[in-house]
Amino acid sequence: MVTPENIQQYIEQGMPCELVRVAGDGQHFEAVIVSAEFRGKNRVQQHQIVYRALGDRMKAEIHALSMKTLTPEEWAAGNS
C-alpha cells in the first residue's frame, strides 16, 4: 500500500522542492508542493511537472491525488 510518506519521497526525488506535504488514507491523497520550478507556469503545467516526477506510479500505485502547487513567493505570501 502506498503511504503519504512514499508519495512525498517520490516527489522530492523527482523534482526540486522547497516543501512537500502529503496527507491521505492509502486511496486518496492530497499534496501541497512548493517549488521554484512552478514559476511562470500555469496550474496545468505545474501539475504536469509533478506527474512527471511521479512517473508510472500515477498509473500503477497512486489512484487519486489532488494537488495544490505554489511558487515559493506564493507560499511566502500566505497562500498555504
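Since the model is a prediction, treat every value here as computed from it, not as a measurement.
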I'd like to know if Arg43 pairs up with Glu74 as an ion pair, taking the criterion as any Lys NZ or Arg NE/NH1/NH2 lying under 4.0 Å from an Asp or Glu carboxylate oxygen. yes

Applying side-chain hydrogen bond (donor to acceptor under 3.5 Å, both in side chains) to Gln9 and Glu5, what does each step give before you reach the verdict? CA-CA 6 Å; Gln9 186 176 33; Glu5 293 77 20; over 6 Å; no

Side-chain heavy-atom pair Trp75, Leu19 within 4.5 angstrom cut-off: yes

Can you check whether Arg21's main-chain N or O pairs, donor with acceptor, with Gln8's side chain at less than 3.5 Å? no

Donor-acceptor pair, side chain of Gln46 and main chain of Lys41, under 3.5 angstrom: yes

Does a side-chain heavy-atom distance below 4.5 Å link Cys17 with Val20? yes

Find out whether Leu70 and Lys68 are in side-chain contact, i.e. whether some heavy atom of one side chain is under 4.5 Å from a heavy atom of the other. yes

CD/Gln13 to CG/Leu54 distance, rounded to the nearest 0.5 angstrom? 10.5 Å

At what distance, to the nearest 0.5 angstrom, does CG of Leu65 lie from CZ of Arg57? 13.0 Å

When rounded to the nearest 0.5 Å, the distance separating OG1 of Thr71 from CZ of Phe38 is 9.5 Å

Ile11 CD1 to Asn6 CG distance, which is reported to the nearest 0.5 Å: 11.0 Å

Linked, directly or transitively: Val22 and Met15 (ILVMFWY side chains, under 4.5 Å): yes

Given Tyr10 and Glu61, is the side chain to side chain contact (heavy atoms under 4.5 Å, CB included) satisfied, shown in steps? CA-CA 12 Å; Tyr10 298 152; Glu61 299 174 37; 3.2 Å; yes

When the side chains of residues 25-37 are checked against the rest of the protein, which donor-acceptor pairs come out under 3.5 Å, sequence neighbours left out?
residue: Asp25; atom: OD1; partner: Gln27; partner atom: N; Å: 2.8
residue: Asp25; atom: OD1; partner: His28; partner atom: N; Å: 2.8
residue: Ser35; atom: OG; partner: Pro16; partner atom: O; Å: 2.6
residue: Ser35; atom: OG; partner: Glu37; partner atom: N; Å: 3.0

What do the steps show when you test Asp56 against Lys59 for side chain to side chain contact (heavy atoms under 4.5 Å, CB included), and what is the final call? CA-CA 5 Å; Asp56 289 338; Lys59 297 178 194 136; 3.4 Å; yes

